[in-house]
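We count ligands from 1, going down the list as the structure has it; atoms in each ligand are counted the same way. Here the structure is a predicted model, which is why all the values come from computation and not from measurement. Numbering starts at 1 and runs along the sequence shown. Computed over heavy atoms, backbone and side chain alike; hydrogens, waters and symmetry mates excluded.
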Amino acid sequence: MTRRRPLELRARLAALESSGVWLRPRQEMIHRIKGTQDLLPGQIEKWQFLEQKARDLFARYGYSEIRTPIFEETELFSRSIGTETDIVQKEMYTFIDKGEKSLTLRPEGTAPVVRACIENNLFAGSGATKLFYMGPMFRYERPQKGRFRQFYQIGAEVLGSDSPDVDAEVIEMLVQFLQEVEILSYQVQINSIGCHQCRPQYLAALREKIAGILPRLCGDCNRRAATNPLRVLDCKVEEDQPYINTLPSTVDSLCEVCRDHFLAVRKALEKQEIRYQINSRLVRGLDYYEKTTFEITSDHLGAQNALVGGGRYDGLSQCIGGPEVCGFGFALGQERFVLALPEKDYSGGRLQIYLAPLGPECSEYAVALAARLRRQGVPTFLEFESRSLKAQLRQADRLGIPFALIFGLDELQRKEIQCRNMRTGSQTAISSDIESLLGWIRTRE
Ligand code: HAM
């Protein structure tokens with residue numbers, strides 16, 4: 001026969017049982033996926049700083065924000081980035097959804113932005129459409145410093161103009177961005193890879209030359225020679241370099257239109273006193289580019305040294321079923337910018353006031369005071385648990401909050417609050433009405 005437990009104990013056991021607390025077996029820890037990061041308080045401030053600076057600057061240049069879905073039809077990327085590229089061949093997160101559709105987590109933002117513009121008829125007005133975006137992208141790459149499988153890009157696209165001034169203005173805006181976030185050590189590299197008119201002849205000449213040196217080149221080059229010969233120029237294998245340097249360069253093989261365009265971009269950059277290097281091997285890893293390509297690199301990032309990549313993509317809209325619309329844009333890697341930022345305090349909107357009620361009898365007053373201060377725009381911290389004054393001041397210190405408002409029942413009866421400067425430890429009694437408190441706080445901002 002089971003012993004009858006007292007009623008109160010039975011109720012407590014039943015509550016525990018229904019909460020599941022004591023019945024749950026200890027489970028194995030689940031970890032984050034390789035190549036991803038948790039962006040934690042203390043680090044996230046740099047991300048927020050970059051995003052805020054970008055929003056402010058892009059607004060000054062007339063860009064509006066666009067947000068596209070994180071997944072798209074796989075064909076959007078295979079058609080635009082190119083079926084023979086590393087991204088499409090090896091790096092996309094592709095899956096079949098429950099409706100048997102092949103979907104892909106976006107590896108980049110340009111094709112989705114152009115798709116969204118076509119679908120929402122954003123090209124309708126005259127003049128250029130200027131859009132910016134920020135958010136996560138996904139590529140199954142080998143993780144290393146500055147290279148992740150989920151990474152964040154901030155990008156901008158200008159659609160509807162083939163003017164070389166667009167190319168120059170975008171690069172000038174990026175140089176301004178670097179200055180405003182205080183990344184002062186970087187190189188701007190530009191190239192022109194021609195257009196659908198002059199590229200076929202160039203590729204024929206390139207293929208012929210590559211065939212002559214193929215046995216000397218690495219396995220990747222041998223594979224690319226057949227599928228995507230332009231990418232042979234991108235080879236980083238040291239032993240290959242003397243041979244690759246003998247290959248014809250894109251800038252020497254441009255048609256008149258591309259040559260004029262490239263010259264005009266260079267002139268416009270020079271007028272703005274923007275220093276650049278021509279890198280005739282800068283072909284980029286996405287097939288949609290025509291004419292100008294560019295990268296901004298930093299020597300402080302190791303192997304993954306590209307802070308920004310971009311270029312012109314005049315044929316992309318048509319390639320995904322849209323009208324003939326020219327485009328130019330870039331994307332910057334936020335993780336790489338975070339690595340390149342100077343070390344300083346990025347915590348902008350930090351807490352200003354710590355409320356230290358002395359005992360649970362003051363907590364109702366504290367909750368009301370916290371709400372009033374926060375409504376007046378004062379960042380205020382209030383602990384949920386009742387704690388000793390010593391523990392509260394220690395917490396205020398740890399959180400780096402500069403001022404504490406201390407009050408017990410005695411102070412509240414006298415309609416006073418002790419205002420403490422946490423740095424110096426000095427304390428002043430101030431009238432507890434909100435105007436006096438706000439006045440005291442504001443004179444210390
Ligand atoms: P992308 O060169 O592939 O271009 O990427 C742009 C930038 O994103 C790179 O320069 C780098 O900073 C960052 N990035 C790329 N892959 C990774 C990764 N696995 N981990 C961390 N950062 C990475 C594009 O994505 C084009 N959509 C840019 C563009 C916009 N062209 C015209 N408009």
Can we call the ring centroids of Phe328 and Phe294 under 6.0 Å apart?
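For Phe328 and Phe294, the ring centres are under 6.0 Å apart.
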
Write out the residue and atom name of the closest protein heavy atom to [atom], then the distance separating them to 0.1 Å.
atom	answer
atom 18 (C) of ligand 1	Phe151 CD2, 3.4 Å
atom 20 (N) of ligand 1	Phe148 N, 3.0 Å
atom 7 (C) of ligand 1	Ala331 O, 3.5 Å
atom 5 (O) of ligand 1	Gln153 NE2, 3.1 Å
atom 9 (C) of ligand 1	Ala306 O, 4.1 Å
atom 30 (C) of ligand 1	Thr110 OG1, 2.9 Å
atom 13 (C) of ligand 1	Gly333 CA, 3.6 Å
atom 19 (N) of ligand 1	Glu141 OE2, 2.7 Å

Answer yes when [X] and [Y] have at least one side-chain N-carboxylate O distance shorter than 4.0 Å, and no when they do not.
X	Y	value
Lys46	Glu343	yes
Glu239	Arg216	no
Asp287	Arg231	no
Arg199	Glu290	no
Lys53	Asp56	no
Asp220	Lys236	no

Just which atoms of ligand 1 are under 4.0 Å from any heavy atom in [X]?
X	result
Leu307	10 (O), 12 (O)
Glu157	30 (C), 32 (C), 33 (N)
Gly146	20 (N), 21 (C), 22 (N)
Glu108	25 (O), 26 (C), 27 (N)
Val308	10 (O)
Gly309	10 (O), 28 (C), 29 (C)
Gly310	31 (N)

Does [X] approach ligand 1 within less than 4.0 angstrom via side chain, backbone, both or neither, non-hydrogen atoms only?
X	result
Arg284	side chain
Glu295	neither
Arg336	side chain
Phe294	neither

Test Tyr61 against every option in Gln176, Glu172, Lys130 by the side chain to side chain donor-acceptor pair (under 3.5 Å) rule and name the one that passes.
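Exactly one pass, corresponding to Glu172.
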
Among Phe330, Phe328, Tyr152, Tyr289, which one has a heavy atom closest to atom 31 (N) of ligand 1?
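Heavy atom nearest to atom 31 (N) of ligand 1 belongs to Tyr289.
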
What orientation do Tyr354 and Phe381 show, parallel under 30°, tilted 30 to 60°, or perpendicular over 60°?
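Rings of Tyr354 and Phe381: parallel, under 30°.
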
How long is the gap from [atom1] on [X] to [atom2] on [Y], to the nearest 0.5 Å?
X	Y	atom1	atom2	value
Asp97	Glu73	CG	CD	10.0 Å
Arg115	Ser317	CZ	OG	12.0 Å
Phe123	Thr129	CZ	OG1	6.5 Å

Answer with yes or no whether Gly285 contacts ligand 1, where contact means a heavy atom under 4.0 Å from a ligand atom.
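The answer is no: ligand 1 sits nowhere under 4.0 Å from a heavy atom of Gly285.
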
Is there a heavy atom in Tyr313 that sits closer than 4.0 Å to ligand 1?
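In this structure, Tyr313 qualifies as a contact of ligand 1 - some heavy atom is under 4.0 Å.
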
Would you please test Met422 and Ile401 for side-chain contact (heavy atoms from CB on, under 4.5 Å) and show each step?
CA-CA 7 Å; Met422 292 299 298; Ile401 304 177; 5.7 Å; no

